[in-house]
Each structure stands twice: as C-alpha cells, then as structure tokens.
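Working notes, structure below.
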Amino acid sequence: MTKKTLAFASGSEHKRKEMQMLLSPFGYEVVTPKTLGIKFQPEETETTFLGNSFIKSKELFRLTGLPSFADDSGISVDALGGEPGVSSARFGGPGLSDKERALYLLTKLGNNSNRNAHYSCVVTYVDAHHNLSFEGTVNGQITTDYDEVGPYGFGYDPIFYYSEFGKRFSQVPEEEKNKVSHRKKAMELFLKWFHMIQ
Ligand code: IMP
C-alpha cells in the first residue's frame, strides 16, 4: 500500500510525532513544513483559536496541495475576560520564558477569588473538498502560586489545577494528561470524522 500524506502546520517535531502516532493506523505519513523543507511563517492575525488555526491549515494547503491540518491552542482565564487566549504564547511580551509568562498571569490575577480557567484547542482540516474544525476544552483553576517541583507539562501547566485529578497538570504524566486534554479531545473529534471519510 502506498502511504498517503497529510500535512501538519506546526514547527514542533514533538507534536509531529504525536500526530504521526495517531494517524499511523489510517496509513498516513504526517509531514510538516520543516520535513518538507518549505518556509512557513503565516501571521496569526485572527482573534480566535478557530481563525488562527484556519490561517495555518489553509496556508499549508495552498502551499503544498496536500490535505492539511493545524491546531491552535491556549488558556483563557474568566476573571481576565478570557485573556490570554490567542495571545497565550506571547502573553506579557516577547522574550519571556514559559515560567515568566505563568508568573505574569498570576500577578495579573492577583488575589481574585474567581480562579476559573480553561484550555482550548481548535483543530482545522482543509483539502480540496473540506473546510472543517474540531474543538476540545478542559476546565480548571488557576492556582495562587507556581509549582516548582512538578516535572511534567509545559506552558501554564504549573499553575493549572485540574480538580478531577486533584493535581496540577505539571504533576500529571503525559499519558494521563493526554486522556483529558483539550488537544486530545479536539484530535479525537477530528480522527472520528477522518475515519468516516476514508
Ligand atoms: P500552540 O497552539 O501550541 O502554539 O500553543 C499556544 C500556547 O498556549 C502555548 O505556548 C502555551 O503557552 C499555551 N498552551 C497550549 N496548550 C497548553 C498546555 O497543554 N499546557 C500548557 N500551556 C498550553
């Protein structure tokens, strides 16, 4: 059987491998702009995860002609009116580390008693016949301090408490987090649909 190819609009090799594992059962090889050797830096100018995810998947489809998918994700904090949202990766300004961004969020939230927050992920898929989106979310609370010891996760995980596990995401191994994460939920919906059109 010849391998079919699916293009994934991400610069992260870690994410490509994760997607490859999910799509191998369908007989697909997952390629990225990097593995294809093409320059890919679309500006994410939209104000929603959906809009920015489509900017990436549509641009990759335009460039490669391959069925293309993208994800866009971030954390939204209720008491901050949904901030940082689509700005999660650059919250607090350029040049900050993940830890500095999380500490910035803690400072902004101060001692506000409403700590509700959620991670969102929107996966979009584009080919010659389809333009589709799939969303996953996971609810939690922003803690009052930064977890210095939890060895897992990235980004805002050291300040994201998930009550169902009674732990922060920084204290949950990747396999456990992947059972409930926003990215996993969005990918599950995408794969369910993708399975149907094969
Ligand atoms: P991207 O969609 O992979 O570019 O992620 C956007 C940003 O959202 C990341 O840089 C993180 O700051 C944040 N983010 C998204 N998903 C997670 C997560 O699962 N844990 C922690 N931070 C996340």
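Note that this is a predicted model, so its numbers are computed, not measured. Index from 1, following the sequence. Excluded from the calculations below are hydrogen atoms, water molecules and symmetry mates; all remaining heavy atoms, backbone and side chain alike, are included. Whatever order the structure lists ligands and atoms in, that order sets their numbers, starting from 1.
- Given atom 19 (O) of ligand 1, the protein heavy atom at minimum distance is K177 NZ, 2.8 Å.
- Atom 16 (N) of ligand 1 has as its closest protein heavy atom H182 NE2, 3.1 Å.
- For atom 2 (O) of ligand 1, the nearest protein heavy atom (residue, atom name, distance) is S73 OG, 2.8 Å.
- Taking the centre of each ring, Y125 and F134 stay at or above the 6.0 Å mark.
- With respect to the salt-bridge test (charged N to carboxylate O, under 4.0 angstrom), the residues D157 and R168 do not qualify.
- Heavy-atom separations between I75 and ligand 1 are all 4.0 Å or longer.
- In this structure, K167 fails the cation-pi test against F165, since its NZ or CZ atom is not both closer than 6.0 Å to the six-membered ring centre and inside 45 degrees of the ring normal.
- With salt bridges taken as basic N to acidic carboxylate O contacts below 4.0 Å, none links E188 and K192.
- Contact annotation: for F154 versus ligand 1, heavy atoms closer than 4.0 Å belong to both the backbone and the side chain.
- Residues P173 and Y152 are in side-chain contact: their nearest non-hydrogen atoms beyond the backbone lie under 4.5 Å apart.
- Where the criterion is an N or O separation shorter than 3.5 Å, residue side chain and backbone included, K56 fails it with respect to ligand 1.
- Checked for salt-bridge contact, R62 and E59 meet the test: a charged N lies under 4.0 Å from a carboxylate O.
- Of all protein heavy atoms, the one closest to atom 10 (O) of ligand 1 is A89 CB, 3.5 Å.
- Salt bridge K185/E135: absent, no basic N to carboxylate O contact under 4.0 Å.
- For atom 20 (N) of ligand 1, the closest heavy atom belonging to the protein is D157 OD1, 2.8 Å.
- By the 4.0 Å heavy-atom criterion, R183 is counted among the residues contacting ligand 1.
- Nearest non-hydrogen protein atom to atom 4 (O) of ligand 1 is K15 NZ, 4.7 Å.
- For atom 12 (O) of ligand 1, the nearest non-hydrogen atom of the protein is Y156 CE1, 3.2 Å.
- Summarising the contacts of atom 13 (C) of ligand 1 with S170, S88, S10, the nearest heavy atom is found in S88.
- Classification of the H182-Y119 ring pair by plane angle, with boundaries at 30° and 60°, yields parallel.
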